[in-house]
Amino acid sequence: MKKIMTTTGGNPISDNQNSITAGERGPVLLQDYQLIQKLAHQNRERIPERVVHAKGSGAFGVLEINEDISKYTKAKVLQKGEKTKLLLRISTVAGEKGAADAERDVRGFALKFYTKEGNWDLVGNNTPVFFVRDAIKFPDFIHTQKRDPQSNLRSNTAMWDFWSLSPESLHQVTILMSDRGLPKSLRHINGYGSHTYSLINAKGERFWVKFHFKTLQGIETITNQEAEAIVGKDRESNQRDLFENIEKGNFPKWSFEIQIMTEEEAKICSFNPFDLTKVWPHKEYPMIKVGTMTLNENPKNYFQQVEQAAFSPSNIVPGISFSPDKMLQARIFSYPDAQRYRVGTHYEMLPVNRPTVEVNTYNLDGSMNFEIKEPTKAYYEPNSFDGAVEDSSFAEPDLEVGNIAQRYDHRVGNDDFSQPRALFLLMNDNQKNQLFNNIKDAMNGVPQDIINRQVELFEKVHPDYANGVRKALGL
Ligand code: NDP
């Protein structure tokens, strides 16, 4: 027997094809609740799209730990043999929700691990570095990626104006303009935690850590010309590829690896290891294999499980923690704040965001708390009524920090050129030519003085870099 359709109030519906009208040709009656409810609901079917990373694809999977790294961390999720369910959402940064997938852009690589100690979120990118190192510059940077307030057009001029005035962006700009700036599919990219985080072991010792997810499908990229042809036929090429491969059982996998730096090594490191525009060179800080990540399940409902998914680097578990990285510090605030605005006060109660462990919080009121609590006098803390209490065994070891507060100039004594140079010198001739031509394409319409200022920065990275760009531009 077929199910009977109902209103959202559960009342049976007799006719979902015809509105109630006064006479056969007459106007509709206000009492037609089913009509009014459908139209009213439609007006509310979208939540604000993410200001950045609006267009994304997501899938569930599993993280499996194959190596013993207990000397670095007590986190249960990172112990050998552990298997943890996860959600991965991969996104472009600048494009709106309806933007094409095959665009040159950084890819967000946002992970939520549903661990036995609460959610652990690792909200990274497919690049190990970022355009700025101080969050006070982040809203300005994003303005350059979004639309001109008058013309409503994307602006190459705004991007290169900002980048050429912000030399710390050179490293990320070089990656973005390289072959890796336009991935063939979401299965063919690496993911990086990007920030420096910390691991804490059972003895209370802290280690600084970088997280890496290396694609086992291999890095594969496409050219601007190939992307144009793809977008002309299919704006959802990355979403389609990921969804269809998982449906077919062709599950994408990544090798999960870490780099470790001791607190003592960090003090004598030649660069600031908490600077998001820098990588940790592999030779000095070798990769340590930890496990594998597999995506094996498509969401059942995109809106509920991907659009409403709310990631935040503030979600950490005992044994994994933050670092003094200024960008990470800012994201610990701004991500949950964005979710409260975008999804709602109790966004973490939605099934996709909900931890699999018991949640014992005194944050109860606020819109859409849909859990009925047993009556209790313990609705504040401290209390004398058996309410949940803190546990000092989860306290972190002391962290040494500087003691003079000031707006320190992050450019003083900071080398913005050596690491982009190391990357440039890694590239073969074909990759260098792609870099030069991609920069030429992206500089279309940019005033000459801004181009000249940027080429001077490329010159400081390597004369061949500047000359290659000049030649591509016909200068
Ligand atoms: P290594 O030679 O040990 O490592 C080079 C790394 O560069 C490899 O991990 C490789 O990734 C990656 N790579 C190669 N081509 C590109 C590209 N076009 N865009 C982005 N990454 C690329 O040297 P170092 O560790 O000393 O690093 C040298 C430079 O490599 C850095 O300045 C940085 O720009 C880049 N890099 C470094 C990473 C790190 O964590 N040390 C991570 C990613 C990039 P893969 O092995 O996956 O092919």
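FYI, the numbering just counts along the sequence from 1. In each ligand, atom 1 is the first atom listed, and ligand 1 is the first ligand listed.
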Exercise. In sequence, state the C-alpha distance, the side-chain angles, and the governing distance for Met443 and Gln454, and then conclude on side chain to side chain contact (heavy atoms under 4.5 Å, CB included).
Key: CA-CA 10 Å; Met443 282 184 166; Gln454 184 67 42; 3.7 Å; yes
So, 4.0 Å and heavy atoms of [X]: is ligand 1 close enough to count as a contact?
X	result
Arg421	no
His212	yes
Tyr285	no

Practice problem: Pull out every atom of ligand 1 sitting under 4.0 Å from any heavy atom of Asn190, numbered as shown with elements. | Solution: 47 (O)
Quiz prompt | Polar contact flag for Tyr192 and ligand 1 (N/O pairs, less than 3.5 Å) | solution = no
Quiz item: Mind checking whether Lys283 has an N or O less than 3.5 Å away from an N or O of ligand 1?
Solution: no
Starting from [atom], which protein heavy atom do you reach first, and at what distance in Å?
atom	result
atom 34 (O) of ligand 1	His171 NE2, 2.5 Å
atom 35 (C) of ligand 1	Leu423 CD1, 4.0 Å
atom 5 (C) of ligand 1	Leu426 CD1, 3.3 Å
atom 43 (C) of ligand 1	Pro128 CG, 3.5 Å

Considering only heavy atoms, which of [options] lies nearest to [atom]?
atom	options	result
atom 46 (O) of ligand 1	Gln259, Lys214, Gln172	Lys214
atom 27 (O) of ligand 1	Asn126, Ile219, Val279	Val279
atom 10 (C) of ligand 1	Met177, Arg180, His282, Gln434	Arg180

We want to know whether [X] and [Y] form a side-chain donor-acceptor pair, criterion being a heavy-atom distance below 3.5 angstrom.
X	Y	result
Asn467	Arg470	yes
Thr115	Glu117	no
Asp134	His410	no
Glu396	Ser321	yes

Practice problem: Considering only NZ, NE, NH1 and NH2 on the basic side and carboxylate oxygens on the acidic side, decide whether Lys55 and Glu236 come within less than 4.0 Å. | Solution: yes
Exercise. Determine the interplanar angle of the Phe436 and Phe424 rings, folded into 0 to 90°, and report it as parallel if under 30°, tilted if 30 to 60°, perpendicular if over 60°.
Key: tilted
Exercise. Determine, step by step, whether Glu307 and Arg50 satisfy the salt bridge (charged side-chain N to carboxylate O under 4.0 Å, His left out) criterion, reporting the C-alpha distance in whole Å, the side-chain angles of both residues, the deciding distance to 0.1 Å, and the verdict.
Key: CA-CA 9 Å; Glu307 188 63 6; Arg50 292 163 168 91; 3.7 Å; yes
Self-check item: Candidate list Arg331, Arg133, His195, test side chain to side chain donor-acceptor pair (under 3.5 Å), partner Asp325, passing option
Solution: His195
